[in-house]
Structures are given as structure tokens and as C-alpha cells.
Amino acid sequence: MNRAIGELLDKLNQRPFKKREGSRCSLFEQLDRPALRPLPLERFDLAEWSQATVNIDYHIQFDKSFYSVPYQLTRQTVEVRATPKTVEIFHQGKRVASHVRTAKPYAAVSDNEHRPAAHRAHLDWPPSRLVQWAATVGTRTQEVVEKILQAQPHPEMGYRSCLGIIRLGQRYPAARVEAAAERALATGAVSYRSMDSILRHNLDQQPINPPSTPRSVPEHDNIRGAAYFE
């Protein structure tokens with residue numbers, strides 16, 4: 001059908017006008033073709049626009065992945081322009097970041113220049129060094145750091161939390177940090193924010209309540225037990 005339509009289309013374009021000279025084809029050669037420009041070297045990529053809020057770690061989330069922006073934009077609303085190959089981020093009409101789009105879910109795409117100077121100074125801290133530092137505080141602190149690094153989908157996300165715990169070690173005695181880590185493990189709230197809250201509210205100096213033991217079922221003639229139903 002398309003081939004047949006194509007043949008009829010050529011005949012239609014060649015058909016002379018009834019009330020003026022020429023045809024559609026002759027007018028195209030006379031007017032349109034001289035104004036044509038070469039096609040772009042790269043194909044047009046359809047762009048998808050959306051909005052995002054910059055997290056406290058100066059990354060925005062888009063399509064299940066994370067992309068960095070300058071840290072000064074923390075908690076600001078930005079516009080995201082995404083193509084199949086790139087992710088561009090704009091703030092008040094100005095482009096502030098451009099990244100190659102990743103296809104890996106929960107990956108963090110970061111530009112070192114977007115980090116604060118204090119964070120760039122710690123880039124030489126690999127995960128093994130973080131664990132070694134935690135071990136100097138105590139076994140509980142080491143366990144907290146290891147759990148944080150293992151729980152995150154991307155190492156850098158756990159890396160930031162561990163650096164926060166290192167800063168806690170600079171503000172509080174090692175014994176208090178170790179006690180806070182023990183409480184965090186006991187409550188299942190293993191994170192920098194949890195340890196920071198424990199230390200700020202002096203909960204590390206309070207005894208940890210042991211888990212309550214389940215009540216035993218009393219012996220009674222009316223309680224049949226599992227054997228009755230076998």
C-alpha cells in the first residue's frame with residue numbers, strides 16, 4: 001500500500017496547477033530546495049524534563065539513580081533534562097551540572113568539583129580505611145561501619161554516613177562513641193543520624209534495656225496444644 005501511495009504521490013507532485021504555472025515539484029525546486037540546510041551531524045534526542053529536590057548529600061535522584069550538583073544547591077529545587085545519553089541539571093534557567101546517563105540502578109554519578117572542600121579532603125579514605133579507624137574506637141563501632149557499608153546499594157552512600165561517624169569521634173570521647181554504637185546495634189537503627197541522636201541526648205550513658213522474654217503458656221486442661229491436631 002505504501003509503495004502504491006508513493007507512486008501516486010510522485011504523479012500528484014508532478015501534476016500541473018490549473019490556475020497557475022508550474023507544479024508542486026517545480027515550486028519545491030524553485031523555493032524550498034535553495035533554502036534547505038544540511039541535516040545535523042547527530043540525531044535529535046527526545047528530552048524528558050522533570051523537577052527534583054537536591055538532597056543533603058548534594059545529589060538528586062532521577063530514574064532510580066543519583067547525580068551530583070554543586071553542594072551550594074542543597075535542598076533547592078532544580079530542573080532535570082534527560083536524554084537517552086545525558087542528564088543535565090538546571091537551576092533558575094542556568095545549567096549547573098551535566099552527567100553521562102547511567103543504566104545501572106541506584107548508581108551514584110558524582111563530580112568531584114561538586115563536593116565541599118572538607119569532603120574532597122577525605123576522598124583518600126577507602127572503605128578499608130574507614131573500617132580500620134572504626135576498629136580503633138571499638139568492636140561495636142567497627143560493626144556499625146561495616147553494616148553501613150554493606151547495606152547501601154552504592155559504596156559512596158555508606159561512605160558519607162561513615163565520615164559522619166568519624167566526625168562524631170572527633171567531638172566525643174571514644175568510649176561514648178562505642179557506647180552509642182552498641183545502642184544503635186541493639187535497637188537496629190544503624191546509621192550516622194541514629195548515633196548522632198544518641199550522643200546528643202546522652203542516651204549512650206543510659207542502660208540498654210534487655211529484650212523482654214516471651215511469656216510462657218501456663219499448663220491448663222483446656223489448652224490442647226499442637227499434638228491434639230495431629
Would you kindly confirm whether Leu163 and Val190 end up in one hydrophobic cluster when ILVMFWY residues are joined by side chain heavy atoms under 4.5 Å apart? yes
Same cluster or not: Val96 versus Tyr67, using hydrophobic residues (I, L, V, M, F, W, Y) connected whenever any side-chain heavy atoms lie under 4.5 Å apart? yes
Do Val144 and Leu203 share a hydrophobic cluster (ILVMFWY, side-chain heavy atoms under 4.5 Å, transitive)? no
Please report the closest heavy-atom contact between Trp133 and Ile165, naming both atoms and the distance. CH2-O, 3.6 Å
Could you report the tightest heavy-atom contact between Val131 and Glu146, atom names first, then the distance? CG1-OE2, 3.6 Å
Can you name the closest pair of heavy atoms from Pro34 and Glu29 and give their distance? CD-O, 3.5 Å
To the nearest 0.5 Å, atom CG of Leu73 lies from atom NE2 of His114 at 9.0 Å
Are Val78 and Val54 packed together at the side-chain level, in the sense that at least one heavy-atom pair is separated by less than 4.5 angstrom? yes
If you define the side chain from C-beta out and look only at heavy atoms, does anything of Ser98 sit under 4.5 Å from Glu88? yes
Quick one: do Phe62 and His99 satisfy side-chain contact (heavy atoms from CB on, under 4.5 Å)? Show the steps, please. CA-CA 12 Å; Phe62 173 77; His99 300 280; over 6 Å; no
Taking the side chain as every heavy atom from C-beta outward, state whether Arg33 and Phe28 have any atom pair closer than 4.5 Å. yes
Does anything in residues 175-193 form a side-chain hydrogen bond (donor to acceptor under 3.5 Å, both in side chains)? List the pairs, not counting sequence neighbours. Thr141-Glu178, Arg176-Asn202, Arg176-Asp204
Contact check, side chains of Lys147 and Glu143, non-hydrogen atoms, under 4.5 Å: yes
Assign the ring pair Phe90 / Trp49 to parallel, tilted or perpendicular, where the plane angle (0 to 90°) is split at 30° and 60°. tilted
Counting only heavy atoms not in Leu39 (residues, nucleotides, ligands), do more than 12 fall under 6.0 Å from its CG? no
Would you check if Val69 and His91 make a side-chain contact, meaning some heavy-atom pair closer than 4.5 Å? no
Measure the spacing between CD of Gln14 and SG of Cys25 and express it to the nearest 0.5 Å. 4.0 Å
About how many Å separate CZ of Arg24 and CG of Leu12, when rounded to the nearest 0.5 Å? 4.5 Å
Minimum heavy-atom distance between Ala135 and Gln142, given as atom pair plus value: CB-OE1, 3.4 Å
Might you point out which heavy atoms bring Glu79 and Gly93 nearest each other, and give the distance in Å? OE1-N, 4.3 Å
Flag the pair Leu27 / Phe17 as yes when at least one side-chain heavy-atom distance between them is below 4.5 Å, and no otherwise. yes
Nearest 0.5 Å please: distance from the CG atom of Leu130 over to the SG atom of Cys162. 5.5 Å
Rounded to the nearest 0.5 Å, how far apart are CG of Leu8 and CZ of Arg15? 9.5 Å
Are the side chain of Arg140 and the backbone of Ala179 linked by a donor-acceptor contact shorter than 3.5 Å? no
Inspect the contact between Asp196 and Arg171 and indicate whether a charged nitrogen and a carboxylate oxygen are less than 4.0 angstrom apart. yes
To the nearest 0.5 Å, how far apart are OG in Ser50 and CD1 in Ile89? 9.5 Å
Which heavy atom of Ser110 sits nearest a heavy atom of Ser68, and at what distance? CA-OG, 3.4 Å
Side-chain touch Met195/Val177, heavy atoms, less than 4.5 angstrom: yes
Any non-hydrogen side-chain atom of Ile166 less than 4.5 Å from a side-chain atom of Gln170? yes
